[in-house]
Amino acid sequence: MYRKLLNVVLFLMACMAFGAVAASDPPAAIESGIVKARVTAVASNYTSFTVRIGDGEEKLVLDEVAAKALQAKLRINPGDRIAVILGAPEAAGGTTVKEFKGLEKQVGVGYRLLFLFIGLVVILACFAVFSTGNLRGFVIGADNRYSNSKIQIVLWFGSLFVIYLGTLMLRVYVYGWDLLGGVGITENLLALSGLSVFTYGSAKAITSSQHENAKQGLEKARGEASAAQGNAAAPGAAADLQVLAAHAAGLQSQAQQQVDLKTQGTPEMKNLFCDDLGNLDFGDSQMFFIVLLTVAIFILTSFHFLEWVAYSPQIILPDLDTTLLSTFGLGQGAYLVKKAASPLGRG
């Protein structure tokens, strides 16, 4: 199980590194009078810096007081991306900066992987403390099999918190403790988190109800079997009573098998795709793959998003599109309906 999960993690890391290498730096843009460009040089006294606009370069000029204040706060360096509103051209050359609107600093692949890995270690350490070292306990159900509902919530919230912690640490690393916090999520991410929690809780309730009904059925079968055996053992009992006793014993055996089915399993990878009898289950399979796809897309999108860290009190983690959100919700709904409608051990 751990080896397969490690392979998945290594594959995602390779995809992130490839995407970072393949990405190209976007050209400068002008939106609503705001010029967005990449800094290529900074004057020694910070009163001017050169940016690339289109195929050429432009010198931007600041007054000395503003330059010192800006540099003390933001530490603009070559390679950064800035957003400014330009003023009048300078007689000595260059264009004045009327207003400074934003700054983004680039973070290399290695640092992004490092901080996300630290976030993963923090999450795993917390899980280890809460589970007293038994990490598998978070994904194994009462039947001692891997639980789809538990795995989906661990995968989603694990990835969400890893990205959140990695983003927090990167912001502090790049700009300092002033930007600790201020990381929000979109409505789609919030809705997806709610769906994940709802699926976990509903699956737990359905399984508990089915298990309780099976136990009650077993107790009833035992009582009927005991009464039937007592009648059949009485002197002069008719043959029909002995047949009824045998039938009641058979019902008791079936009820016992239903209870054992949900308490004596073995944790295996096939638990994620098969029912308790080992038959391939489409409801389980589709939910697992949709969750895996959602987590993979979110991690890759977030890794690309963290290439440029903006100086801003508030940022929002990258969103997931409504198609993926809808697919996630439908997959979870199909899983729960199938689980509620199926007999114990087959859902």
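Quick note: numbers below take in every heavy atom, side chains included, and nothing from hydrogens, waters or symmetry partners. Source: prediction; values computed, not measured.
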J.: Can you list the residues that meet the ring-ring contact (aromatic ring centres under 6.0 Å, His included) rule with Phe198, with sequence neighbours excluded?
T.: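 Result, ring-ring contact (aromatic ring centres under 6.0 Å, His included) vs Phe198: none returned.
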J.: Give me the ring orientation class for Tyr175 and Tyr311: parallel if the planes are under 30° apart, tilted from 30 to 60°, perpendicular past 60°.
T.: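 The rings of Tyr175 and Tyr311 stand perpendicular, inter-plane angle above 60°.
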J.: Looking at Tyr146, Phe289, Phe282, which hits ring pair (Phe, Tyr, Trp, His ring centres under 6.0 Å) with Phe273?
T.: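 It is Phe289; the other options fail the test.
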J.: Sorted by first residue and then second, give each salt bridge (Lys or Arg N to Asp or Glu O under 4.0 Å) pair with at least one member in residues 93-102; sequence neighbours left out.
T.: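 Checked against salt bridge (Lys or Arg N to Asp or Glu O under 4.0 Å) - neighbours excluded - the pairs reaching residues 93-102 are Glu99-Lys101.
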J.: Identify the two heavy atoms, one from Thr301 and one from Pro318, that lie closest to each other, and give their separation to 0.1 Å.
T.: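 Nearest pair, atom of Thr301 first, then Pro318: CG2-CB, 3.6 Å.
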J.: Of the non-hydrogen atoms in Ile315 and Ser312, which two are nearest, and what is the gap between them?
T.: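 Heavy-atom minimum between the residues: CG2-CB, 4.1 Å.
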J.: May I ask you to check whether Glu58 and Thr50 show a side-chain donor-acceptor distance below 3.5 Å?
T.: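 No, because no side-chain N or O of Glu58 sits under 3.5 Å from a partner of the opposite role on Thr50.
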J.: Which heavy atom of Pro78 sits nearest a heavy atom of Thr40, and at what distance?
T.: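 Where Pro78 meets Thr40 most closely, the heavy atoms are CB-O, 3.8 Å.
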J.: Output the distance between atom CG (Leu192) and atom CG (Leu325), rounded to the nearest 0.5 Å.
T.: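 So the gap between those two atoms works out to 5.5 Å.
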J.: Are more than 12 heavy atoms from other residues, nucleotides or ligands located less than 6.0 Å from atom CZ of Phe161?
T.: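 Check fails, neighbour count at 12 or below.
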J.: Inspect the contact between Arg75 and Asp80 and indicate whether a charged nitrogen and a carboxylate oxygen are less than 4.0 angstrom apart.
T.: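 Looking at Arg75 together with Asp80, the answer is no, because their closest N to O distance does not fall below 4.0 Å.
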J.: Can you confirm whether or not the ring centre of Tyr200 sits under 6.0 Å from the ring centre of Phe157?
T.: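 No: the rings miss the under 6.0 Å criterion.
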J.: Between Leu179 and Ala310, which heavy-atom pair has the shortest distance, and what is it?
T.: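 The pair with the smallest heavy-atom distance is CD1-O, 4.3 Å.
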J.: Any idea how Trp156 and Phe298 line up, ring-wise: parallel (<30°), tilted (30 to 60°), or perpendicular (>60°)?
T.: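 Trp156 vs Phe298 ring planes: tilted.
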J.: Can you tell me how far the OG1 atom of Thr167 sits from the CD1 atom of Ile316, to the nearest 0.5 Å?
T.: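 Reported value, rounded in 0.5 Å steps: 11.5 Å.
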